[in-house]
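Step one of this worksheet: look at the structure below.
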There are 2 protein chains.
Amino acid sequence: MDHCSTCVVRNRAICSALEMDEISLLGKMGRHHKLVAGQTLIWEGEDSLLVANVIDGILKLSTSLSDGREQIVGVVYPSDFIGRPFGTRTQHNVTALTDAHVCTFSSSDFDRFAQSHPELEHKLLERTLAELDRTRRWLLLLGRMTASEKLAHFLLDMSQRLVRPDCANDGPVDGFDLPFGRQQIADILGLTIETVSRRLNDFKVQGLIAVPSRRRIEILDRDGLEGIAEAA
Amino acid sequence: MDHCSTCVVRNRAICSALEMDEISLLGKMGRHHKLVAGQTLIWEGEDSLLVANVIDGILKLSTSLSDGREQIVGVVYPSDFIGRPFGTRTQHNVTALTDAHVCTFSSSDFDRFAQSHPELEHKLLERTLAELDRTRRWLLLLGRMTASEKLAHFLLDMSQRLVRPDCANDGPVDGFDLPFGRQQIADILGLTIETVSRRLNDFKVQGLIAVPSRRRIEILDRDGLEGIAEAA
DNA sequence: GTGCTGCAATGATCCATATCAATCCCCTAG
DNA sequence: CTAGGGGATTGATATGGATCATTGCAGCAC
């Protein structure tokens, strides 16, 4: 597969510290993949050592127990990295939630490139530290919050994340389309579909949100929601 | 405060990629602190930009809600790093669980040093990636496991982590002293003290463990515990 | 239109864990 | 020795969310 010019261009955002010809070098090493919604890129326990860069679309990282209980452990957006460089196997499934484009690298190619480009490693470190912080806040949510608090947090978080990429990014939006079905929301928050549905309905009744269609959410009373989400 | 030779020596473990004189340079920038059990090094929301390296002892990272509910989001062992370099504030409390020694650096000093020592950044990246994986597995535990499963996992995890530093590290040990009280176990697992106590007692009755004193645990039937902890 | 199919909403009931309330058991001070 | 105190255990009860079952509804094929 030839190198993909989209990857080359998009990698610019991530490798902004590198000069142009090095960016295209990285781009040439990558392979471009189209994923359809629901398609899994990496399986938990699979031994393909793969690293990727999301060009477009939204993906989930998930792990599950043998009896089918599933927990989503991360949601990945355009320009984010996927996978585990430096010789360790990826620990979770990576599945596209929407149609998506990714640029994959063999872990060893990427490692070699990264080792000789400290600026890239630095960026990666900053991102990883930020992701770790986000994941730790998520622990608080899963371990100590009620269903309503979880959902309020989730909706407020989504309103900040799901800004349309084509528009100027100026803060949270009050109406957005979730890339998740109810089951996935449940798997993010450690709840069941039914509880998600009921608490969402509570919010509707209380006039905090409107749900004009299955996946569409409109926040009507942001302060009210924040009141439920409470203090950090 | 003078630079601390212990820090210089211990930093060797972390900065093994660096030559000796650079290690002592880093050591010289650090300040050595003694912490007593229960003492808090960094408060959530405090604006001290601080980074540290644990020399000795065990510390917890925790966040809490305004009404007092607390979640431990990380446990830190000797040689681990604490804090958030590169300009972001630490997001959680850092509290010593045992008496501890740490070597602190001002975030800006550390950043400057790290930027010019890619080997250090690389190590830090590897550690951060590993910690992220561990934290994501913890999400599964908090979101989808029952109290018994949580506790079984916890005990098995402890038996691997709490190898005595003075002994050869050859795998998990079946008897160990927890550095946590019941409340802290509860705050790690997202449970209440009472539930921790009861499930622990179940394990005792089932002959899986013995609890000769408050903080001591002896694993009598490892396979049995693993059966409860189930599949990943 | 009719019927199917898959998700979401609603309802009824159950149960694991939280909550509230006593003890109990070291451990230390005197 | 006794007394006091903080953590841990144990007990009784409440409840949030899970579970099981049904119904509703939008999209699509025919």
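Contacts of A:I193 with the nucleic acid, taken as non-hydrogen atoms under 4.0 Å apart, are absent. Across all strands, A:L200 comes closer than 4.0 Å to no nucleic acid atom at all (heavy-atom distances).
The phosphate of C:dT10 (OP1 or OP2) has a side-chain N or O of A:N201 nearer than 4.0 angstrom. Phosphate proximity of C:dT17 to B:T195: absent, as no side-chain N or O sits under 4.0 Å from OP1 or OP2. Checking the phosphate oxygens (OP1, OP2) of D:dA18, a side-chain nitrogen or oxygen of A:T192 falls inside 4.0 Å. Residue A:S197 places none of its side-chain N or O atoms closer than 4.0 Å to OP1 or OP2 of C:dA8.
Under the 3.5 Å distance criterion, the side-chain polar atoms of B:H153 are matched with a main-chain donor or acceptor of B:A229.
Residue B:R216 contributes atom CZ, which lies 18 Å from atom C1' of C:dC26 at whole-angstrom precision. Atom C1' of nucleotide D:dT19 and atom CG of A:D67 are separated by 14 Å, given to the nearest angstrom.
Nearer to the 5' terminus of DNA chain C, by closest-nucleotide assignment, is the contact made by A:V211 (compared with the other of A:V211 and A:R144). Both A:R198 and A:R214 lie close to DNA chain D; mapped to their nearest nucleotides by heavy-atom distance, the more 5′-ward contact belongs to A:R198.
A donor N or O paired with an acceptor N or O is not found under 3.5 Å between the base of D:dG6 and the side-chain atoms of B:R182.
Listed candidates were C:dT17, D:dT10, D:dG17. Nearest to the side chain of B:E194 is D:dT10.
With a 4.5 Å cut-off on side-chain heavy atoms, B:Q71 and B:V73 count as touching.
Counting only N and O atoms by type, the side chains of A:T63 and A:E44 include no donor and acceptor under 3.5 Å apart.
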